[in-house]
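One structure below.
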Amino acid sequence: MKLIVLNLPRSLSEADMANLFKTFGEITAFNLVMDDETGSSKGFGFVEMKNGEEAEKAIEDLHGKKIEGRRIRVKTAH
DNA sequence: GTTGAGCGTT
């Protein structure tokens, strides 16, 4: 199950993003998209969960969650 | 050194 997480604070690191999801199950892949202009993140990334049900739970639990004072968005990716 | 909906860079 591939997930996309939007509206992340640009200050958030790749490791921080992984920590949000790994509590729900095993992550097989993840990456935070970086911006060439600023060198910081573009504010969104992808997460690949091994178990689909755990991925769905991660979505329901993390979507709208406040991270660094900001509400994030989590959906299934293409 | 900023930005704020979205489906990808080292």
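Here is how names work: the chains are called A, B, and so on, in the same order as the sequence lines, proteins then strands, and each is numbered from 1.
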L6(A), V33(A): one ILVMFWY side-chain cluster at the under-4.5 Å cut-off? yes
Co-membership, hydrophobic cluster, residues V5(A) and L12(A), 4.5 Å side-chain: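 Same cluster: V5(A) reaches L12(A) through Ile, Leu, Val, Met, Phe, Trp or Tyr contacts under 4.5 Å.
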What range of DNA chain B does chain A touch, first nucleotide to last, counting atoms under 4.0 Å from its heavy atoms? dT2(B) to dT10(B)
Result block: side-chain N/O donor-acceptor pairs under 3.5 angstrom for residues 38-58 of chain A, not counting sequence neighbours:
residue, atom, partner, partner atom, Å
T38(A), OG1, S40(A), N, 3.2
T38(A), OG1, S40(A), OG, 2.8
S41(A), OG, G43(A), N, 3.0
N51(A), OD1, E53(A), N, 2.7
N51(A), OD1, E54(A), N, 3.2

Using a 4.0 Å cut-off on heavy atoms, which residues in residues 39-50 of chain A reach DNA chain B? List them by number, or say none. K42(A), G43(A), F44(A), F46(A)
Residues in residues 2-11 of chain A with a heavy atom under 4.0 Å of DNA chain B, by number, are K2(A), I4(A), L6(A), N7(A), L8(A), P9(A), R10(A)
Value for CG (L32(A)) from CG (L8(A)), rounded to nearest 0.5 Å, stands at 6.5 Å
From CG (D61(A)) to CG (L20(A)), nearest 0.5 Å: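 Output value for this atom pair is 10.5 Å.
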Taking all atoms of both residues into account, what is the closest heavy-atom pair of N19(A) and T23(A), and its distance?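 Looks like O-CG2, 3.7 Å.
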Need to verify one output field. Residue with the more 5' nearest nucleotide on DNA chain B, R70(A) or A77(A)? R70(A)
With sequence neighbours excluded, what pairs up with T28(A) under the side-chain hydrogen bond (donor to acceptor under 3.5 Å, both in side chains) test?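 For T28(A) there are no side-chain hydrogen bond (donor to acceptor under 3.5 Å, both in side chains) partners, ignoring immediate neighbours.
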Donor-acceptor pairs are to be reported for all side-chain atoms of residues 67-78 of chain A against protein atoms at under 3.5 Å, with residues two or more places apart or in another chain.
residue, atom, partner, partner atom, Å
R71(A), NH1, G64(A), O, 3.0

